[in-house]
Undergrad: 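Below are the structure tokens for one structure; questions will follow.
All heavy atoms count here, side chains included; hydrogens, waters and symmetry mates do not.
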Amino acid sequence: GEIMEARPLEPPAGKRMPARTEAFLDAARRAGYEAELVPIAVHTGATRDHPVSGLVQEPCAFTADCLLGCRPRSKNSLDVTFLPLGERAGLEIRPLHVAERIEAASGADGWTVTARQLDPGHPGRSEPRRVTGRALVLAAGTLGTNELLLRARDVDRTLPRLPAALGRRYSPNGDMLFAGTMGADRRIDPSDGPSITAGTLVRGRSGNLVHVQDLGFPPAFTSFADGAIPVRKRLVSTGRAALSYLAASRGGPPFRAALLLGGSFVPRLLPYLGMGTDAANGVFRVDRGGRLALDWDPSASMDMFREMEDVMKSLSRALGGEYLRSPPWHPPFRRLLTAHPLGGCVMSDSAATGVTDHRGEVWGHPGLFVADGSVVPGPLAVNPSLTIAALAERTAHWMIHDREAD
């Protein structure tokens, strides 16, 4: 917590609370929901040397670029916090390596990782590399860690006794992206402020938790969407521009070029990020080539997703706008995207029900640890990054001190 400095948004000096944030909070209040500013690991104070890394950190630029990379370095991401801290303690970072195979070290305790070192000057060219150590921590993200372990058990057979539960209990954290409100009764600007600022947590009729937040997109994304998505107002404005051009070419009134930029839906767009307690019933597997595949059926989570959309529709009505369903979620496709894949190497109280113990050590494989979202045993219905960071820090403390942190 001290390193991430997560706290509710306080606008930088000279800036006010984003209109998107105020619109969301007002909509939730009108719809009868409780809403609050959510904790975010974003620096909004004066320019400073970061207290952990010493890197120069400027206040948030309020451009919702969190999703593409934070230019003022105001987001307390790994490159600003834990990685520089680790380097001061002797951590050696080897970029451009792709891990492909893990196995027990031959003739000694420990683990060996076989990787490829990519050559950026010659795309497609790489050199093999091997690293051996007494302990191995897998933190390749939910997808990468599951692929490496499943490949070791089912393809390379280097770790054939990995738990049978490996790859099971995948959860997309109930994520629903690209839903929102179009045509709100006020100007919002989805690119103003950090990407996430406020949320409302609702318990649905079926007992599921649904968490809906505002979601800001970078200006590059909203500009592209504004020109690429053929909404009715844009089509009408473009049609009028064409008529104006024809009239001007025949000696009529001057061409009204501004019509080409009219009909934008972006200023009154409020995107949503939905999360909820899905069934966590996905299963990872690998094919013969070691490529990861996922079997996941949303039907067991449909009650939760219906309740999530009910909340979003209520917020849209309160904003005086039209609910915009996530495009891939339209029938008959019923597809979703997730920013928060979880599970597959879940913590458990025995090897029969999971993959790691409470410390993150893989059952039956001393010195092999997992420290990423794959250990989370189910949906959190909140943004999981701070939870994952806390679990990883806890695992590191156990590895060093063999005890719980004070």
Undergrad: Would you indicate whether the side-chain heavy atoms of Met17 and Leu37 approach each other to under 4.5 Å?
TA: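 Heavy-atom side-chain distance check passes, below 4.5 Å.
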Undergrad: Checking ring-ring contact (aromatic ring centres under 6.0 Å, His included) for the pair Phe305/Trp329: CA distance, chi angles, key distance, verdict?
TA: CA-CA 10 Å; Phe305 283 119; Trp329 191 238; 5.1 Å; yes
Undergrad: Take atom CZ of Arg288 as the centre, draw a 6.0 Å sphere, and report whether it contains more than 12 heavy atoms from other residues, nucleotides or ligands.
TA: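 At most 12 heavy atoms, drawn from other residues, nucleotides or ligands, come within 6.0 Å of this atom.
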Undergrad: Please work out which of the three classes, parallel, tilted or perpendicular, describes the rings of Phe217 and Phe178, given edges at 30° and 60°.
TA: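 The rings of Phe178 and Phe217 lie parallel, inter-plane angle below 30°.
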Undergrad: Do Asp214 and Thr197 have side-chain atoms, one donor and one acceptor, less than 3.5 Å apart?
TA: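 The answer is yes; a qualifying pair exists.
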Undergrad: Just wondering, more than 12 heavy atoms not from Glu10 lying within 6.0 Å of its CD?
TA: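 Atom CD in Glu10 is not crowded, with 12 or fewer foreign heavy atoms closer than 6.0 Å.
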Undergrad: Tell me which one of Asp154, Leu150, Val362 satisfies side chain to side chain contact (heavy atoms under 4.5 Å, CB included) with Leu166.
TA: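 When side chain to side chain contact (heavy atoms under 4.5 Å, CB included) is applied between Leu166 and each of Asp154, Leu150, Val362, only Leu150 qualifies.
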Undergrad: Take atom CD in Glu404; do more than 12 heavy atoms of anything else shown fall under 6.0 Å from it?
TA: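 Result for CD/Glu404: enclosed.
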Undergrad: So do the side chains of Asp49 and Val56 get within less than 4.5 Å of each other, counting heavy atoms only?
TA: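 Sidechains of Val56 and Asp49: in contact.
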Undergrad: Below 4.0 angstrom, N of the basic side chain to O of the carboxylate: do Arg291 and Glu147 qualify?
TA: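 Between Glu147 and Arg291 there is no salt bridge, as every charged N stays at least 4.0 Å from the carboxylate O atoms.
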Undergrad: Under a plain distance cut-off of 3.5 Å, with no hydrogens placed, do Ser374 and Thr145 share a side-chain donor-acceptor pair?
TA: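 No.
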Undergrad: Give the minimum heavy-atom separation between Ser74 and Gln57, together with the two atoms involved.
TA: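 Minimum heavy-atom separation between Ser74 and Gln57: O-NE2, 3.3 Å.
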Undergrad: Could you tell me whether Arg168 atom CZ has more than 12 heavy atoms of other residues or ligands within 6.0 Å of it?
TA: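 No, because the 6.0 Å sphere around CZ of Arg168 holds 12 heavy atoms or fewer from other groups.
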Undergrad: Would one find more than 12 heavy atoms of other residues, nucleotides or ligands at under 6.0 Å from atom CZ of Arg30?
TA: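 Count over threshold, so yes.
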Undergrad: So, do Leu315 and Leu270 sit near enough that their side-chain heavy atoms are less than 4.5 Å apart?
TA: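 No, their side chains stay 4.5 Å or more apart.
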Undergrad: Residues two or more places apart in sequence or in another chain: which of them pass side-chain hydrogen bond (donor to acceptor under 3.5 Å, both in side chains) with Asp65?
TA: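 Applying side-chain hydrogen bond (donor to acceptor under 3.5 Å, both in side chains) to Asp65 gives Thr63, Arg71.
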Undergrad: Measure across Cys345 and Thr356 and return the closest heavy-atom pair with its distance rounded to 0.1 Å.
TA: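 Looks like O-CG2, 3.7 Å.
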Undergrad: Considering non-hydrogen atoms only, spot the tightest contact between Pro172 and Thr338 and give its length.
TA: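 That closest heavy-atom pairing would be O-OG1, 2.9 Å.
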Undergrad: So which of Met312, Met308, Arg306 actually passes side chain to side chain contact (heavy atoms under 4.5 Å, CB included) with Val210?
TA: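 Running side chain to side chain contact (heavy atoms under 4.5 Å, CB included) over Met312, Met308, Arg306 with Val210 returns exactly one hit, Met308.
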Undergrad: For Glu34 and Thr200, work out which heavy atoms get closest and say how close.
TA: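 Looks like O-OG1, 2.7 Å.
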Undergrad: Count the heavy atoms of every other residue, nucleotide or ligand shown that sit under 6.0 Å from CZ of Arg187, and state whether that count exceeds 12.
TA: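 Counting other residues, nucleotides and ligands, CZ of Arg187 stays at 12 neighbours or fewer.
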Undergrad: Within a radius of less than 6.0 Å around CZ of Arg134, do more than 12 heavy atoms belonging to other residues, nucleotides or ligands occur?
TA: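 Check fails, neighbour count at 12 or below.
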Undergrad: Using side-chain heavy atoms (C-beta onward) and a distance below 4.5 Å, is Pro267 in contact with Asp189?
TA: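 In short, these two side chains do not touch, never coming nearer than 4.5 Å.
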Undergrad: Tell me the closest heavy-atom pair linking Asp349 and Trp363, and the distance in Å.
TA: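 Here Asp349 and Trp363 meet closest at C-CZ2, 3.6 Å.
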Undergrad: Any salt bridge linking Arg186 with Glu22? Criterion: basic side-chain nitrogen under 4.0 Å from a carboxylate oxygen.
TA: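 Salt bridge flag = no for Glu22 with Arg186.
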Undergrad: If you count every heavy atom of other residues, nucleotides or ligands that lies below 6.0 Å from Arg205 atom CZ, does the total exceed 12?
TA: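 Counting other residues, nucleotides and ligands, CZ of Arg205 stays at 12 neighbours or fewer.
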Undergrad: Find out whether Leu324 and Tyr272 are in side-chain contact, i.e. whether some heavy atom of one side chain is under 4.5 Å from a heavy atom of the other.
TA: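 No, their side chains stay 4.5 Å or more apart.
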Undergrad: Please answer whether the main-chain N or O of Ser126 pairs with a side-chain N or O of Asp119 as donor and acceptor at a distance below 3.5 Å.
TA: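 Absent.
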